[in-house]
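Take a look at the structure below.
Letters A, B, ... are given to chains in the order of the sequence lines, protein chains preceding strands, and every chain is numbered from 1.
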Amino acid sequence: MEKNIYITTPIYYVNDKPHVGHAYTSIACDSLARFYKMLGKKVFFLTGTDEHGLKIQQSAKEKNIDTQSFVDLMSKKFHDLTSVLMLTNDDFIRTTSEKHKEGARQFWSSLEEKGEIYLDKYSGWYSIRDEAYYQEDELIDGKAPTGGSVDWVEEPSYFFRLSKYQKPLLDFYSKNPNFVYPQSRFNEVIKFVERGLKDLSISRTSFTWGVDIPSKKGHVMYVWLDALTNYITALGYPDNSSEKLKKNWPANYHIVGKDILRFHAIYWPAFLMAAEMRLPSQIIAHGWWTVEKEKMSKSIGNVVDPIDIIDRIGLDSFRYFLLREVPFGNDGDFSKHAIISRINSELSNNIGNFINRVYAMSTSNFGNQIPRYGQFLESEKKIELKILETVEQYKYYFLNVEFSKALGAMIELVSAGNKYIDTMQPWSLAKENQTERLSTILRLMLETIRIVCTMTYPIMPLASVKVLKSLSCFDGDENLSYESLKNINFLSDGSPIEKIDLLFPKIDKKLS
RNA sequence: GACGGUGUAGCUCAGGGGUAGAGCGACGCUCUCAUAAGGCGUAAGUCGGAGGUUCAAAUCCUCCCACCGUCACCA
């Protein structure tokens, strides 16, 4: 049984509606999933919502609705977004679902049976204003660093023996030097663990909205323990004979925001070691988006609603911008200027116009039929070489989750195509009735378009499929293949070319 | 404060001992098939600063300056 490529987003906390950051994570995962499918792999792609915790309970109370209705409502917003973004996720897990809660409890019991959990007291200086605990040495003049007053509080709590896993984790890290991407983040994780780990408080008694602990009434599970197990409960855990679990676990990619890296790179592996389960292959931490150089925040009121922006510039452009603008792992700036300049120059002027000019010449000279190849000269061989080179780079970068570079390679190919056309001057050949040359050149450019639009499929599924259909070479998403990128004789002689509307109109006006 | 990273053309960044690179932007020229798109070209940097090693340093070493990240229970 060949293992599937298992890709996950974090489960999103339903305290607020989705913003561009959520969309970003999901789109990255989706593009990766689509790419792997083109490689011929079976993929399982999971996303969902995290619905427990004190904050949720409070938010629901403020809005005067019962907690379950509140999370139903909020979760739906995230679920709706999966279709808006055209995610190809195979499941959508909710932590309030019975199957998840049962799995989480079983995970807990398994840790408990193995002696990895013990009951003690959780204590610290608590600031009501900040809703946060502080260490003794963090206090300034007996107050929180934020200036809020603090009280000493103690509550009974279960602890996970995290301290025990310092050495095993460090060993694991050194044996798996690519466990965390990017490397700089991995270094931070390693440093953190090297400084020593304290046991982790993993239950709360101060609120009730969470997964009940099997053995002790009044305790609910610490949200992170609850949340992280979603990656296995979605696969049918604790049923170890579950086909889904066997085929997918361990995960190939947990893609997360940099803010929650620690939970995925330290706690989660430790939990799994304790439960004697296999560890995920790679944790990918991406950066954050600012908006016009400002941090996104409700108080500034600059939170970008993905649905709103998609209404303006279209899904493909949105997905393209996010994955192209910034090296994956870095922070990015979601600015009007950057979006317009990126979309207009690369999508409209480069790709869009390229397709348009080739289509126009093809249809005016050869009717609505795919022209045939004649003899190849050096100039054509050079293009073929460029294609093969590009396709290799594209794959290399994609496998390294360097979306931006993969797209950069693709754009370079389009530029080479544009240049080739200018050099060949097919419009002159048409006037001179050099039909075979003309036919050869246009066919090669149509193949290039096909290849480019197959490469863009994981990022821009709508536009890609539209173009491939228009070239009579689309046979369903599931039949798109990476292999076809290496074949410059893929289209069928004489098949129809269908005219298409402008693929990427300029977007200046839509954003102003 | 400790540890790590970054500082290269107006902007975003690549390069990493042997006479400074790309994309975008600006400016100029040009084809006309095309979304006033494409192609070609020009300008622009004493490669954060100061020392040092070397025949030779943006590239290695030391110090300094500036900025960023991490330093546990914050979704």
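- Spacing between atom NZ of A/Lys293 and atom C1' of B/C67 amounts to 13 Å, rounded to whole angstrom units.
- Rounded to whole Å, the distance from CD1 on A/Ile411 to P on B/A22 is 18 Å.
- Atom-to-atom, CD1 of A/Ile343 to P of B/C24 comes out at 15 Å; the value is rounded to the nearest Å.
- For A/Asp422 against B/G38, a side-chain-to-base donor-acceptor contact under 3.5 Å is present.
- Residues A/Thr8 and A/Cys29 share a closest heavy-atom pair of O-SG, 3.4 Å.
- Nucleic acid contact for A/Phe354: none, since no nucleic acid atom lies under 4.0 Å from a heavy atom of the residue.
- When the P atom of B/U12 is taken as reference, atom CZ of A/Phe328 falls 21 Å away, rounded to whole Å.
- Residue contacts shown for A/Tyr12 are absent, as no nucleic acid heavy atom lies under 4.0 Å away.
- Comparing B/A37, B/A72, B/C33 by their closest approach to the side chain of A/Asn349 singles out B/A37.
- Computed from coordinates, the A/Asp333 CG to B/C13 C1' distance equals 15 Å when rounded to whole Å.
- Residue A/Glu412 holds its CD atom at 6.5 Å from CD of A/Gln393, rounded to the nearest 0.5 Å.
- Below 30°, between 30° and 60°, or above 60°: for A/Tyr12 and A/Phe78 the angle between ring planes is below 30°, a parallel geometry.
- Remark: A/Lys17 NZ is loosely packed, at most 12 non-hydrogen atoms of other residues, nucleotides or ligands lying under 6.0 Å away.
- Base engagement by A/Gly196 is indicated by at least one non-hydrogen atom pair under 4.0 Å involving a base atom.
- When distances are taken from the side chain of A/Ala360 to each of B/C73, B/A34, B/C40, the shortest belongs to B/A34.
- Checking B/U35, B/C71, B/A34 against the side-chain heavy atoms of A/Arg195 singles out B/C71 as nearest.
- At a threshold of 4.0 angstrom between heavy atoms, the contacts of A/Leu197 include nucleobase atoms, whether or not backbone atoms are also involved.
- Just one of A/Trp108, A/Tyr158, A/Tyr122 meets the ring pair (Phe, Tyr, Trp, His ring centres under 6.0 Å) condition when paired with A/His219; it is A/Tyr158.
- Contacts of A/Arg204 with the nucleic acid, taken as non-hydrogen atoms under 4.0 Å apart, include base atoms.
- When distances are taken from the side chain of A/Arg262 to each of B/A75, B/U70, B/U35, the shortest belongs to B/U70.
- Between A/Tyr24 and A/Trp288, the ring center distance fails the sub-6.0 Å criterion.
- Applying the 3.5 Å distance criterion, the base of B/A34 shares a donor-acceptor pair with the side chain of A/Asn353.
- Of the residues in residues 425-451 of chain A, A/Trp427, A/Lys431 come within less than 4.0 Å of RNA chain B through at least one heavy atom, sorted by number.
- Residue-level contact check: A/Ile355 touches neither bases nor backbone, having no heavy atom under 4.0 Å from any strand.
- A/Lys506 comes within 4.0 angstrom of a base, heavy atoms only.
- Checked against the 6.0 Å centroid threshold, A/Tyr397 and A/Phe403 do not count as a close aromatic pair.
- Taking a 6.0 Å sphere around CD of A/Glu432, one finds it holds more than 12 heavy atoms contributed by other residues, nucleotides or ligands.
- Residue A/Ser184 is classed as having no contact, given no heavy-atom separation below 4.0 Å to the nucleic acid.
- For A/Phe263, taking side-chain heavy atoms from C-beta onward, the closest of the listed nucleotides B/A75, B/U35, B/C74 is B/C74.
- Contact annotation for A/Tyr359: no contact, since no heavy-atom pair falls under 4.0 Å across all strands.
- Looking at heavy-atom distances under 4.0 Å, A/Ile260 makes no contact with the nucleic acid at all.
- Heavy atoms from other residues, nucleotides or ligands lying under 6.0 Å from OH of A/Tyr396 number 12 at most.
- Where stacking is scored as ring centres under 5.5 Å apart with planes under 30°, A/Tyr420 does not register as stacked on the base of B/G39.
- Each of A/Trp268, A/Tyr267, A/Phe271 was scored for a ring pair (Phe, Tyr, Trp, His ring centres under 6.0 Å) with A/Phe160, with one residue passing: A/Phe271.
- Residue A/Lys258 places its NZ atom among more than 12 non-hydrogen atoms of other residues, nucleotides or ligands, all under 6.0 Å distant.
- Base engagement by A/Asp50 is indicated by at least one non-hydrogen atom pair under 4.0 Å involving a base atom.
- Paired regions of RNA chain B, where each region holds three or more successive Watson-Crick or G-U pairs whose two hydrogen-bonding distances fall under 3.5 Å, are B:1-7 with B:65-71, B:10-13 with B:21-24, B:26-30 with B:38-42, B:48-52 with B:60-64.
- As judged by a 4.0 angstrom heavy-atom cut-off over every strand, A/Val223 is placed among the base-contacting residues.
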